[in-house]
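Encoded as C-alpha cells, the structure appears first; notes follow it.
Within every chain, numbering begins at 1; the chains are lettered A, B, ... in the order of the sequence lines, protein sequences first and strands thereafter.
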Amino acid sequence: MSDITQDDVGYVAPAENAEQDLYHPKSWITKYVFCQDAKVIAIQYASTAIAIGLVALVLSWLMRLQLGFPDSFSFIEPEDYYQFITAHGMIMVVYLLTALFLGGFGNYMIPLMVGARDMAFPYVNMVSYWVYLTAVFVLIASFFVPGGPTGAGWTLYPPQAILSGTPGSDGGIILMLVSLALFIVGFTMGGLNYVVTVLQSRTRGMTLMRMPLTIWGIFVATVLALLAFPALFVGAIMMLLDKILGTSFFMPNIVELGEHLSYGGGSPILFQHLFWFFGHPEVYIVALPAFGIVSDLIAVHSRRHIFGYRMMVWAIVIIGALSFVVWAHHMYVSGMNPYFGFFFATTTLIIAIPTALKVYNWTLTLWKGNIRLNTPMLFAIGFIVTFLNGGITGLFLGNVAIDVPLSDTMFVVAHFHMVMGVAPMLVVFGAIYHWFPLITGKMYSETLGKFHFWVTFLGAYLIYFPMHYLGFVGVPRRYFELGDTQIFTESVGQLNAFISIMTFIVGFAQIVFFYNMFRSYAAGKKSEMNPWGAASLEWQTPEMPPGHGNWGKSLPLVYRWAYDYGVPGATHDFVPQNMAPKDVPMEKKARKSTRSRKA
Amino acid sequence: MNFFRQLTEKPWLPDKNGAIGMRDNNVSDTAHARVGLKMFLIVVGVLFFLLTVSYAGRMVYEDWRPVPQPWLMWQNTAMLMLASAGLHWAQSAMRRDEWNQVKMGLIGAGAFTIGFIVGQLLAWQQLVDKGVFELTNPAVALFILITGLHGLHMLGGLVAWGRTADKVWQRDKFELNKVRQSIDNCTLYWHFLLAVWLVLFGLLFSGNDNMGILLTICGFK
Ligand code: HEM
Ligand SMILES: [Cu+2]
C-alpha cells in the first residue's frame with residue numbers, strides 16, 4: 001500500500017453493489033408504464049403532480065373570481081367556495097409539492113447525485129408511484145360523489161368536517177381521508193427507498209459530506225416525512241371510523257338542529273394535535289428540498305463553492321429536528337396553557353436562527369461570484385427574496401400576542417403563500433430549467449424562460465403584497481364574501497378585484513412555460529454535455545440523458561465535494577467530482593503551487 | 001457508521017490520509033433490505049407511539065370510562081412471545097446450519113402468530129359478550145383501533161413469513177445468503193412487534209391501570 005501515491009489511486013475499483021440486480025425492462029409496458037427505473041418513475045411522479053396541481057390552480061381562479069367580483073358569478077355558491085378552498089390547499093401542499101419534490105426530484109436526482117445505478121428497492125419504488133396515482137384518482141373521484149368534495153378546509157378539523165352542515169360531509173370527506181391514507185402508504189414506500197439509497201448506495205468516495213445540498217435537503221425532508229406522516233395517518237383513520245362506524249375519537253357530545261347526535265366523549269383538540277404534528281413538519285418537507293436545490297443552483301450559476309457548506313448541512317439537520325417541537329404554534333387560539341404557548345413560541349423563534357443562517361450563506365455565495373443571470377439563476381434569486389419576505393412576516397405570526405389579532409386573516413394567507421406557495425414554486429421552476437438539458441438532452445429557450453420568470457415573479461408580488469394589507473385591515477380568511485360589512489371601505493373591494501385580475505394573468509402566463517418545455521423537447525436544439533459546467537455527479541454520466549443504469553460499465557469514483565469551482569491553477573473553472581487529482585488539467589506555471597494554495 | 005462524526009468532516013480540504021479517492025464512502029455493508037426494514041420499523045414505532053399518546057391524552061379527561069380488559073389478552077401475549085421465540089430458535093438453528101430445526105421454529109412461529117391473531121379477535125368478542133362494546137366509548141374504540149392495527153401488522157408479517165418459509169423449504173433454488181437474510185429480517189420484525197405489543201399491553205390493556213399511574217406520577221392527572 002505504501003507506494004500508492006495520491007495520484008495513483010484511480011485504479012481502485014468502485015464497489016459494485018452485489019445486491020443490486022439491475023432491472024431490465026422487457027417490453028414497452030415495463031419500460032414506460034410499469035417501470036422500475038427511478039428516472040422514469042420520477043417523470044411519472046412529476047407529471048402527475050403537475051397535472052393535479054393545475055386543477056388546484058383552476059380552483060384558485062374560481063375562488064378569486066368570487067372574492068374579486070362578489071355577486072357576479074351565480075354559479076359559485078358558498079358551499080362551492082369552501083370545497084374549492086379545501087381541495088386547492090390540500091392538493092397544493094400534499095399532492096403537488098410533496099410529491100413533486102420527493103417523488104419527482106428525489107427519484108431523479110438521488111441515484112444520479114450519489115453515484116448509484118438505481119434506487120435500493122426499484123420494485124417498491126414503482127409500487128409507490130402507482131399507489132400515489134391511485135390516491136390522486138380517489139381524490140378526483142371525490143368531486144363526483146353526491147354532495148361533492150369535502151369543504152372542511154385543508155386542515156379538516158372535526159367535528160365540523162363530518163357533520164352535515166359542512167359541504168361534502170358524506171362521500172367527499174370519506175374519499176378525502178382514504179386518499180390521504182393511500183398517499184401516506186405510497187409515500188412511505190418511496191421514502192424508505194430514498195433514505196436507504198442515500199445511506200447505502202453511495203458510490204466509492206461519496207462520503208456524506210461530499211453530497212450536494214440537494215441530496216441533503218431531500219434526504220432530511222424524507223426522514224421528516226416518514227416520521228410526520230404517521231400522525232396524519234392515525235388522524236385520518238380515526239376520523240374515517242368516526243364517520244363510518246360512529247366511533248367518537250374526535251366527536252364530543254353534539255346537538256345538531258335540536259337533536260342529540262349519537263356521538264359523545266371525543267376530543268376535537270386531539271385531532272388538531274395530530275394534524276399539526278404532521279402539518280408543521282410538512283412545511284419543511286416542502287422547504288428543505290427547496291433549500292437544497294436552490295443552494296446548488298446558486299453555486300453552479302455563480303461559479304463559486306457554496307458558502308459554509310458544513311453549516312448549511314447542519315442547518316438542514318437542525319431545522320428538521322426542531323420542526324417537530326413547534327407544531328402547537330398553529331393552535332395558539334385553541335385555548336392552551338400559557339406555559340405551553342411560551343414554549344412553542346420560543347422553539348418557533350429559534351428555528352429562525354438556522355434559517356436566517358442559510359439566507360446569509362446564499363447571499364455570501366453570490367457575493368463576488370461570477371453570476372450568470374440565466375433563467376435558473378433568476379428563479380433561485382427570486383426564491384431568496386421571496387423566502388426572506390415570507391420569513392419576516394412569519395416572525396410576526398410566531399409571536400403569540402401579534403398572532404392573535406392576525407390569526408385567520410388574509411395576512412396569514414399572504415404569509416403562507418409567500419413561504420410555502422410562491423417560494424417553493426420558484427425553486428421548482430428554477431430546478432426544471434436547470435436540469436431540463438440533463439433530462440431531455442435539449443436546450444430550452446432562454447428568452448421564453450426569462451419572460452416566464454419576470455411575469456411569475458412580479459405577478460406573485462402584485463398578488464400577495466396587497467393581500468398583507470387586506471389582512472391588516474381585518475379581512476378574514478376563508479370567507480365567501482364580505483357583504484356590507486361597515487368597517488371595510490370600498491378600496492378593499494377594489495384591491496380584491498385587482499388581486500383577482502393579477503391571478504388570471506399570472507396563471508395564464510404559465511402557458512409560456514409549458515410551451516417552452518414541450519416545444520424545446522420536441523424541436524429544441526441539442527444541448528451540449530454538461531452545459532452549465534457543473535461539478536456535481538449527475539452531469540458526469542457517459543450519456544445525456546443518462547441511460548439505463550446511469551453509469552455505463554462502471555460506477556464513478558468520487559474524489560472531491562460537489563463544489564470545486566474556480567480551483568486555483570486549474571484550466572477550467574470547475575473540476576467534476578469524479579475527476580482524479582492527476583487528471584485535473586492545470587495551467588503550466590501554476591501546477592506546483594496549487595496544493596499549498598488550496599489548503 | 002457514526003453519522004454525527006461524519007458530519008464534522010471538512011469536504012473542501014484535501015484528504016488527510018493523502019489519498020483522495022481511497023477514502024471509502026462509509027457505507028455499511030449491511031444488506032439494503034435490513035436497513036430498509038429498520039427504517040420501516042422506526043415508522044411503525046412512531047405510529048404506535050402516537051396511538052399510545054392519544055390514548056393517554058384521552059385518559060386524563062374526567063369523563064374517561066375504562067372498560068374491563070378481556071383476560072384472554074394474557075394468553076395472547078404469551079402466544080406472541082412463543083411466536084417470537086420460535087423465530088429466534090429458527091434463527092439460531094440457521095446459524096448452526098440445522099435446517100430441520102429451522103423448519104420447526106418457523107412452523108411454530110407461524111402457528112403461534114395465527115393463534116395470537118385469532119385470540120385477539122376472540123378478545124374483541126369477549127368485550128361484546130360483556131356488554132361493554134360501545135363504540136362511542138373512546139376506551140373501547142381506541143382498544144379496537146390499536147389492537148386492530150397491531151394485528152394487521154402481524155398479518156403483514158405472516159406474508160413475509162410465508163415467503164421465508166418458501167425459501168427455506170426450497171433452499172436449493174435460492175442463494176443461501178438470501179435465505180438467511182429472510183430469516184434474520186423476519187426475526188427482527190417479530191421481536192420488534194412483540195416489543196411494541198408488550199408496551200401496549202403493559203401500559204394500556206393488561207387490566208392494571210399502569211398508564212394511569214404513569215400519568216399521575218408525571219403530574220398530568
Ligand atoms: C396560483 C397561485 C395561487 C392562488 C391564486 C391561490 C389562492 C388562494 C386563495 C384565494 C385561497 C383561499 C383564501 C381564503 O379564503 O381563506 C387559498 C388558500 C390556500 N392556498 Fe393557495 N393559491 C395559490 C397557490 C398556492 C400554492 C402553490 C400553495 C402551496 C402551498 C397554496 C396553498 C394554499 C393553502 C394551504 C390554502 C388554505 C386552504 C384552507 O384554508 O383550507 N396555494 N389560496
Ligand atoms: Cu407551523
Side-chain angles (χ1 to χ4, degrees), chain A residues 4-6 9-10 12 15 19-20 120-121 188 192-193 195-196 199-210 226-227 230-231 233-234 237-238 241 245-249 251 262-267 270 273-274 277 305 309-310 313-314 317 557-561 563 580-581 595 598-599, chain B residues 1 3-4 6-15 17-33 35-40 42-51 53-54 57-58 61 63-65 134-142 144-145 148-149 177-178 181:
Chain A
I4 297 179
T5 67
Q6 178 173 336
V9 295
V12 181
E19 228 205 333
Q20 186 128 10
F121 314 110
T188 305
L192 290 173
N193 248 304
V195 173
V196 175
L199 288 180
Q200 292 286 109
S201 302
R202 279 169 287 129
T203 187
R204 180 158 284 187
M206 181 62 85
T207 60
L208 285 177
M209 293 305 272
R210 282 178 176 177
L226 285 174
L227 299 179
F233 188 77
V234 170
I237 298 290
M238 286 182 173
L241 294 177
L245 294 184
T247 55
S248 298
F249 291 110
M251 306 300 284
S262 60
Y263 291 117
S267 156
L270 173 61
H273 279 295
L274 286 172
F277 183 80
H305 67 79
Y309 172 84
R310 250 194 335 171
V313 172
W314 294 346
V317 175
L557 270 175
V558 169
Y559 297 90
R560 56 190 78 248
W561 67 338
Y563 301 98
R595 204 161 296 155
K598 203 186 158 201
Chain B
M1 196 190 69
F3 185 78
F4 287 100
Q6 287 184 47
L7 288 187
T8 60
E9 271 173 21
K10 297 183 176 152
W12 54 92
L13 297 180
D15 203 307
N17 310 329
I20 302 178
M22 281 298 282
R23 178 166 65 172
D24 218 324
N25 45 6
N26 300 327
V27 167
S28 75
D29 31 345
T30 327
H32 290 180
V35 180
L37 175 62
K38 284 186 185 159
M39 295 291 158
F40 177 65
I42 293 177
V43 175
V44 175
V46 172
L47 181 75
F48 284 103
F49 169 75
L50 289 167
L51 286 165
V53 172
S54 306
R58 188 61 192 77
Y61 287 86
D63 59 347
W64 176 252
R65 289 178 290 153
E134 259 180 87
L135 277 179
T136 49
N137 181 352
V140 175
L142 280 163
I144 300 291
L145 177 66
L149 279 176
N177 219 5
K178 295 249 150 121
Q181 277 175 19

(request) Looking only at non-hydrogen atoms, find the nearest pair between H32(B) and S201(A) and report the distance. (result) CE1-OG, 3.4 Å
(request) Measure the CG-CG distance between L50(B) and L274(A) for me, rounded to the nearest 0.5 Å. (result) 6.5 Å
(request) Compare every heavy atom of R210(A) with every heavy atom of P11(B), then report the nearest pair and how far apart it is. (result) CB-CG, 4.3 Å
(message) If I measure from the heavy atoms of chain A, does L145(B) come under 4.5 Å with its side chain, its backbone, both, or neither?
(response) side chain
(message) Quick check on L192(A) against chain B: is it the side chain, the backbone, both or neither that has a heavy atom closer than 4.5 Å?
(response) side chain
(request) Start with the C-alpha distance between M238(A) and L142(B), add both sets of side-chain angles, then the distance that settles side-chain contact (heavy atoms from CB on, under 4.5 Å), and finish with yes or no. (result) CA-CA 9 Å; M238(A) 286 182 173; L142(B) 280 163; 3.8 Å; yes
(message) Which atoms of L227(A) are under 4.5 Å from chain B, going by heavy atoms: the side chain, the backbone, both sets, or neither?
(response) both
(request) Decide side-chain contact (heavy atoms from CB on, under 4.5 Å) for V234(A) and L51(B); before the verdict, give the C-alpha distance in whole Å, the side-chain angles of both, and the deciding distance to 0.1 Å. (result) CA-CA 7 Å; V234(A) 170; L51(B) 286 165; 3.7 Å; yes
(request) Please name the pair of heavy atoms, one in S248(A) and one in T136(B), separated by the smallest distance, quoted to 0.1 Å. (result) OG-CG2, 3.6 Å
(request) Under the salt bridge (charged side-chain N to carboxylate O under 4.0 Å, His left out) rule, collect the residues that match up with R310(A), sequence neighbours excluded. (result) none
(request) Specify which of W314(A), F277(A), Y309(A) makes the most heavy-atom pairs with chain B at under 4.5 Å. (result) W314(A)
(message) So for L7(B), is it side chain, backbone, both, or neither that comes closer than 4.5 Å to the heavy atoms of chain A?
(response) both
(request) Determine the interplanar angle of the W12(B) and W561(A) rings, folded into 0 to 90°, and report it as parallel if under 30°, tilted if 30 to 60°, perpendicular if over 60°. (result) tilted
(message) For a side-chain contact (heavy atoms from CB on, under 4.5 Å) check, start with the C-alpha distance between L199(A) and M39(B), then their side-chain angles and the critical distance, and finish with the verdict.
(response) CA-CA 11 Å; L199(A) 288 180; M39(B) 295 291 158; 3.5 Å; yes
(message) Looking at every non-hydrogen atom in both residues, tell me the closest pair between V196(A) and G36(B) and how far apart they are.
(response) CG2-CA, 3.5 Å
(request) Calculate, to the nearest 0.5 Å, the distance between atoms CD1 and CG belonging to I144(B) and L241(A) respectively. (result) 10.5 Å
